[in-house]
Amino acid sequence: MHRRCPHLLGRLFVWIAGGFGRKLPANPQTIVSMFWDQQIETMGRSALEQLQVKRLQATVRRVAKSVPFYQQKFAERGLKPGDLKSLEDLRRLPFTANADLRATYPKGLVAVPAEELARLHTSSGTTGKPKALFFSRKDVDNAAELIARCFVMTGCTRDDIFQNMMTYGLFTGALVMHYGAEKVGCLVIPAGPGNSEKQLLLMQDFRSTVLHITPSYALYFATYLESRGINPRKDLAIRKAFIGAEPYTEETRRKIEKALGVDVYNSYGLSEMNGPGVAFECEHKRGMHLWEDHYIAEIIDPQTSEPLPDGKRGELVLTTLCREAMPILRYRTRDITSVIAEPCPCGRTHRRLNRITGRSDDMLIVRGVNIYPQQIEQVLMAVPQVGRNYLIVLDGLDDMTVKVELAESGFDGRVEHLVGLQTEIVNRLRAEILTKPKVELVPPGTLPVSEGKAKRVVDNRRL
Ligand code: DLL
């Protein structure tokens with residue numbers, strides 16, 4: 001078995017760790033940490049920070065030379081590229097907001113001549129024009145390289161069969177992972193999302209071992225397998241699932257792991273930063289390693305924009321360090337998380353991000369109380385009788401109804417007599433979100449499912 005690792009010693013280590021060429025076991029307890037690029041992944045902090053400064057300086061020079069948007073921002077601040085001497089100086093740079101990407105659409109932030117552009121992705125958002133995200137050839141390759149690190153970090157090898165159940169096309173989710181999986185040498189099945197019958201057929205006939213899927217589709221797919229009487233542990237070869245693109249809770253992870261018989265690895269990314277592969281879990285699954293040779297992370301207070309210390313939850317701000325076609329400085333992701341600075345037992349020195357608990361713009365204000373949809377999901381997924389889908393509906397002036405699908409098992413076709421369960425869910429939710437919602441129990445499989453990112457909130461309020 002050959003797992004690519006550029007260094008001879010690293011390769012030897014990987015070969016020994018892999019059991020002298022035997023296929024690796026899927027149980028994370030038994031995976032010995034492996035590296036795609038051991039030198040970079042375990043680099044000492046001070047060398048890593050020096051590399052960040054060097055790359056940040058190059059990025060700032062690049063945008064100061066060729067991006068009018070940043071030229072103007074620098075001029076407003078009286079900032080010259082040469083002023084940037086250390087990581088602390090990062091704070092002198094301007095933020096880039098979602099609105100700036102839309103305002104400069106389509107090509108306002110491009111930093112290379114047109115002939116160097118190799119790929120376009122877009123991020124749709126909910127309103128208005130999309131954001132256009134350009135890649136140079138080197139950007140495409142770098143994105144794949146980071147994905148290769150993520151795959152190998154979870155124990156994937158060229159023996160794996162990777163079923164990519166994300167949307168192909170303008171969305172970065174599927175294509176970027178596809179290229180990374182090919183780099184590792186996996187057999188890639190570009191299945192795309194939806195059509196569960198076809199997905200199952202592919203899994204059965206080609207013995208897929210790794211899935212890439214959104215949490216909402218994973219939950220739905222688990223129900224589908226159940227309805228077909230398939231026991232994934234016995235009948236399928238799937239062992240791992242890379243899950244991301246939308247927020248989900250630990251409870252949901254556990255539910256998916258149990259129902260699909262896989263190890264779930266949390267995968268975080270965003271189109272503005274290449275798509276997936278920004279941060280990813282190792283076998284310890286305690287936070288996602290952020291590839292700090294490619295990105296600088298800051299956590300700020302979303303209201304005041306002031307920096308927050310490691311361990312404090314706030315808005316993640318990211319700066320690209322290697323992007324050629326479209327470098328972005330201090331991007332306000334709106335994602336709420338915190339940085340874990342403690343070393344990870346896997347040996348990687350790149351700091352970890354905690355699970356994203358929501359987006360600052362996802363926050364609902366109901367009767368004056370701030371609520372994140374993930375708080376509701378966390379409560380629901382811990383109730384055994386609850387199925388795998390839910391919907392939060394806001395109506396009238398400020399009324400919240402949580403529609404909750406019941407689990408298949410134990411459901412006798414009626415919901416009317418489940419008053420006790422309904423009251424229990426109301427009470428558990430009230431304890432978590434500090435306001436009393438209505439709860440409507442609905443039969444399994446009756447709430448809408450989307451092929452792409454799940455829509456968890458319908459806001460019909462007259463506010
Ligand atoms: O969703 C890229 C991606 C694809 C990541 C596949 C992981 C897997 P966008 O469409 O630009 O790109 O959406 C980015 O999705 O700012 C988060 O709000 C959310 N998100 C992505 N991954 C996670 C995750 C892709 N693991 C936005 N947990 C981000 C929570 C996530 N939220």
Side-chain angles (χ1 to χ4, degrees), residues 96-98 101-102 120-126 130-135 143-144 146-147 150-151 154 162-181 192-193 210-218 240-253 256 264-281 285 287-291 295 297 302 313 315-318 320 326 328 331-338 352-363 372-375 377-378 450-457:
T96 309
N98 196 338
L101 265 86
R102 293 191 197 283
L120 169 70
H121 281 288
T122 67
S123 174
S124 52
T126 41
K131 287 170 273 178
L133 292 317
F134 290 94
F135 291 58
L146 295 186
I147 296 294
C150 301
F151 269 61
T154 66
F162 175 65
Q163 188 158 328
N164 200 354
M165 298 164 76
M166 287 272 178
T167 306
Y168 275 80
L170 288 168
F171 176 50
T172 50
L175 268 175
V176 170
M177 288 290 265
H178 182 118
Y179 275 55
V210 183
L211 308 182
H212 182 212
I213 187 168
T214 58
S216 43
Y217 188 36
K240 298 185 213 305
F242 299 153
I243 299 201
E246 56 190 33
Y248 61 111
T249 59
E250 270 306 314
E251 285 72 19
T252 298
R253 182 217 296 266
I256 297 171
V264 167
Y265 294 89
N266 197 3
S267 151
Y268 171 75
L270 56 161
S271 318
E272 296 80 356
M273 305 279 132
N274 285 348
V278 173
F280 214 91
E281 282 179 331
K285 299 187 184 175
M288 301 173 282
H289 288 282
L290 176 99
W291 299 122
Y295 304 102
R313 231 152 44 103
E315 180 183 341
L316 175 68
V317 173
L318 290 171
T320 66
M326 205 167 154
I328 302 185
Y331 185 64
R332 304 266 317 231
T333 67
R334 304 271 166 204
D335 291 326
I336 305 293
T337 181
S338 55
R352 287 164 288 164
L353 295 182
N354 265 312
R355 181 175 288 283
I356 311 291
T357 49
R359 293 175 55 83
S360 53
D361 46 8
D362 263 4
M363 193 181 76
Y372 286 99
Q374 278 62 48
Q375 290 177 278
E377 178 173 316
Q378 187 185 331
S450 67
E451 282 198 348
K453 301 197 185 215
K455 190 164 166 40
R456 298 295 193 196
V457 181

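As the structure lists them, so they are numbered: ligands from 1, and atoms in each ligand from 1.
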Relative to atom 26 (N) of ligand 1, which among Ser123, Ser267, Gly277, Gly358 owns the nearest non-hydrogen atom?
Ser267

Enumerate the salt bridge (charged side-chain N to carboxylate O under 4.0 Å, His left out) contacts for residues 165-177, please, sequence neighbours excluded, ordered by first and then second residue.
none

N or O contact, Lys453 vs ligand 1, cut-off under 3.5 Å:
yes

With nothing but distance in play, are any N or O atoms of Thr333 less than 3.5 Å from an N or O of ligand 1?
no

Does Arg359, backbone or side chain, put an N or O under 3.5 Å from an N or O of ligand 1?
yes

How far is atom 4 (C) of ligand 1 from its nearest protein heavy atom, and which residue and atom name does that atom have?
Gly173 CA, 3.5 Å

Do Leu101 and Ile328 make a side-chain contact, defined as non-hydrogen atoms from C-beta onward lying under 4.5 Å apart?
yes

Candidates Ile243, Asp335, Thr337; heavy atom nearest atom 18 (O) of ligand 1 found on Asp335

Counting non-hydrogen protein atoms only, what is the nearest one to atom 28 (N) of ligand 1? Give residue, atom name and distance.
Glu246 O, 3.5 Å

Using a 4.0 Å heavy-atom threshold (strictly under), name the region of Asn266 that reaches ligand 1: side chain, backbone, both or neither.
side chain

Which atom pair, heavy atoms only, marks the closest approach of Phe135 to Leu133?
CD1-O, 3.9 Å

Numbered atoms of ligand 1 (with element) below 4.0 Å of His212, judged on heavy atoms:
6 (C), 8 (C)

Tell me the closest heavy-atom pair linking Thr214 and Ala245, and the distance in Å.
CG2-CB, 4.3 Å

Protein contact of atom 30 (C) of ligand 1 - nearest heavy atom, named by residue and atom, plus distance
Pro247 CA, 3.2 Å

Do you know which two heavy atoms are closest between Tyr248 and Ile243, and how far apart they sit?
OH-O, 3.0 Å

The answer for which part of Met177 has a heavy atom under 4.0 Å from ligand 1 is neither

Given side chains that start at C-beta, do those of Pro215 and Glu246 come closer than 4.5 Å, heavy atoms only?
yes

Is there a donor-acceptor pair under 3.5 Å between the side chain of His121 and the backbone N or O of Leu170?
yes

Winner among Ser271, Gly452, Gly269, Gly244 once heavy atoms are compared against atom 21 (C) of ligand 1:
Gly269

Determine whether a donor-acceptor pair (N or O, by modelled atom type, separation under 3.5 Å) exists between the side chain of Thr333 and the backbone of Leu316.
yes

At their closest point, which heavy atom of Gly173 faces which heavy atom of His212, and how far apart are they?
O-CE1, 3.2 Å

Is ligand 1 less than 4.0 angstrom away from at least one heavy atom of Arg334?
no

Identify all side-chain donor-acceptor contacts of residues 272-279 below 3.5 Å with residues at least two apart in sequence or on another chain.
unit_1, atom_1, unit_2, atom_2, d
Glu272, OE2, Lys131, NZ, 2.5
Glu272, OE2, Tyr331, OH, 3.1
Asn274, OD1, Arg323, NH1, 2.2
Asn274, ND2, Tyr295, OH, 3.1

Where's the contact between Leu270 and ligand 1, heavy-atom distance under 4.0 Å: side chain, backbone, both or neither?
both

Please write down residue, atom name and distance for the protein heavy atom closest to atom 22 (N) of ligand 1.
Ala245 N, 3.0 Å

Side chain, backbone, both or neither: which part of Phe171 has a heavy atom under 4.0 Å from ligand 1?
side chain

